[in-house]
J.: 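Once you've had a glance at the structure underneath, I'll fire off some questions.
Atoms considered below: every heavy atom in the structure, side chains included; atoms not considered: hydrogens, waters and symmetry mates. We count ligands from 1, going down the list as the structure has it; atoms in each ligand are counted the same way.
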Amino acid sequence: MDPKAVKSELVLILDYGSQYTHLITRRIRSLSVFSLCISGTSSLKSITDLNPKVVILSGGPHSVHTPDSPSFPAGFVEWAEANGVFVLGVCYGLQLIVQRLGGEVRVGEKQEYGRMEIEVEINSGLFGSKKVGDKQVVWMSHGDEVAKLPDAFEVVGRSQQGSVAAIESPIRRFYGLQYHPEVTHSPEGMETLRYFLFDICKVSAGWSMENVLDEEIKVIKSTVGTEDHVICALSGGVDSTVAATLVHKAIGDRLHCIFVDNGLLRYKERERVMETFERDLHLPVTCVDATDQFLSELKGVVDPEKKRKIIGKEFISIFDAFAHDLEKKLGRKPSYLVQGTLYPDVIESCPPPGSGRTHSHTIKSHHNVGGLPKDMKLKLIEPLKLLFKDEVRQLGRILDVPQGFLKRHPFPGPGLAVRVLGDVTTGNALDVLRQVDEIFIQSIKDAGLYDEIWQAFAVFLPVRSVGVQGDQRTHSHVVALRAVTSQDGMTADWYYFEHKFLDDVSRKICNSVRGVNRVVQDITSKPPSTIEWE
Ligand code: XMP
């Protein structure tokens, strides 16, 4: 989706590396206002091209005194003032405003980290109907403080320690908060953002998933035209499914999808996923059973990275063959490829100094198809690239993607290959794992826990242990259960099941899956572990 195609007024966030920056974007979108985030060091042209009504300068780990600390470009203040653009600085953003507009920032005598109380010093639109002397709790995290305000500014709020907590210059349309209104630890922060956007900036609330859907369909129709064909690899996950459903709504059966059964899917996954694609979503999908091809290439391979590479390569060859078959059938090459890229994958961010990261515009390669053949020369359609995961789920709901499907836990592209440790073709490891996994997941669903767990699955361990089943001594497999809570998969905590639940699951597994006599639970967070075992 082209940001310029979105009709709503834009609140642009300039990112200076705070861990909360994306939260600001999401909070603003939750107020039905369109918001985008770009690097705080973007050029003036990239900012003005987007034509924002409001610009928010985020927090960040820097000090304005450090040489090369990131800042907005020359000409930004003049452009904002000349064009009636409102600017709000948050934490480091406030200090940037003060310093760049001619005030002074100094190293704070008292640093302010965590929960603080602030008091209204002057009636301000930022605090709505609050009166002078009213207090509120906020979350602060700063070492520098304002020593002198720029011309035409006033202090409108002060911390319990006496330092500047909020400033404004209604004439110049510049505002600043020394605390983080976007975090839940600032309980009235959302109210302040609301006052700022609606009362001060008079932004109109026009961002909704219904509008996104309409805009997106128009954009796809005009991009693809009336002749061209589009292909899409469906992984069975939420993103590729919603992206394909959207494109299908726009161009109908000129969309051609492929779903590959690589023999590494979960219990009855192919049947279940294909049923949703065909019965519920009416998507034109070619299902390719490539089990033998994948498993024969994976035979004897134990190194996890080698497994991933082999799987990626096989996906490419199948995808390539699909595109060539289509070309023969249609008499023309497909021109576009749909990808379910999400906003967090394309966000430009301003990394903290020393992090080794650059201000690059990164787009993740699609794990699930393992990359694409270079000679295909397909142009990309990425209809979800301005959306967060929860927005994709909302869009999916509007598109009638079944609720159960939208809430599915993430599943890695290489599938069960990274959950059977070692050689996946050993004995009946994959079948055993499928049965164990199904019992575990079904028990989680029956207990009503599925939605509060980020991801749950079983792992087949390449070890046998001694057991006794009936009167017989057994020497059978050990399986591990893994369930984690997480926000984004970057960090994770293991999930605390009740003992009774674990006891029931363990009994069910050992009583119904042949070849398993021991069940263990993985109780490691990420870090130090990863979510998957390989
Ligand atoms: P880790 O194991 O790195 O996993 O903590 C984080 C999230 O990423 C998923 N994952 C993958 N997804 N291809 C994928 O498409 C992969 O190779 C891959 N490896 C891990 C994992 O399931 C979790 O959600």
J.: Can you tell me which residue pairs pass the side-chain hydrogen bond (donor to acceptor under 3.5 Å, both in side chains) test with a partner in residues 297-306, sequence neighbours excluded?
T.: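 Passing the test, one end in residues 297-306: Glu305-Arg308.
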J.: Please determine whether a side-chain nitrogen of the Lys or Arg among Glu532 and Arg419 lies less than 4.0 Å from a carboxylate oxygen of the Asp or Glu.
T.: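 Between Arg419 and Glu532 there is a salt bridge, with a charged N closer than 4.0 Å to a carboxylate O.
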J.: With atoms numbered from 1 as shown, which atoms in ligand 1 lie under 4.0 angstrom from a non-hydrogen atom of Thr530?
T.: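 Going through ligand 1 atom by atom, the ones under 4.0 Å from Thr530 are 1 (P), 2 (O), 5 (O).
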J.: Do the side chains of Asp437 and Arg266 get close enough for a salt bridge, i.e. N-O under 4.0 angstrom?
T.: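 Looking at Arg266 together with Asp437, the answer is no, because their closest N to O distance does not fall below 4.0 Å.
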J.: Geometry only, no angles: is Ile531 polar-contacting ligand 1 at N/O separations under 3.5 Å?
T.: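 Min N/O separation from ligand 1 is below 3.5 Å for Ile531.
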J.: Out of Met490, Glu534, Lys307, Glu532, whose heavy atom sits nearest atom 20 (C) of ligand 1?
T.: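 It is Glu532 whose heavy atom sits nearest to atom 20 (C) of ligand 1.
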J.: Please table the atom pairs, donor to acceptor, closer than 3.5 Å between any side-chain atom in residues 508-517 and protein atoms at least two apart or in another chain.
T.:
from	atom 1	to	atom 2	distance (Å)
Lys508	NZ	Ser443	OG	3.4
Asn511	ND2	Arg507	O	3.2
Ser512	OG	Lys508	O	2.5
Asn517	OD1	Ser465	OG	3.2
Asn517	ND2	Ser465	O	2.9
Asn517	ND2	Thr474	OG1	3.0

J.: Provide the number and element of each atom of ligand 1 under 4.0 Å from a heavy atom of Pro414.
T.: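 Checking each atom against Pro414, I get 13 (N), 16 (C), 17 (O).
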J.: Determine, considering heavy atoms only, which of Gly413, Gly489, Gly312 sits nearest to atom 6 (C) of ligand 1.
T.: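 Closest candidate by heavy-atom distance is Gly489.
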J.: With the threshold set at 4.0 Å, does a side-chain nitrogen-carboxylate oxygen contact exist between Asp345 and Lys385?
T.: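 Salt bridge: no.
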J.: Counting only heavy atoms, tell me which of Arg308, Arg482, Lys526 gets closest to atom 18 (C) of ligand 1.
T.: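 Ranked by closest heavy atom to atom 18 (C) of ligand 1, first place is Arg308.
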J.: Is the number of heavy atoms from other residues, nucleotides or ligands within 6.0 Å of OH (Tyr267) greater than 12?
T.: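 Atom OH in Tyr267 is not crowded, with 12 or fewer foreign heavy atoms closer than 6.0 Å.
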J.: Hey, does Gln455 come in under 3.5 Å of ligand 1, counting only N/O atoms on both sides?
T.: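 Gln455 vs ligand 1: N/O contact under 3.5 Å present.
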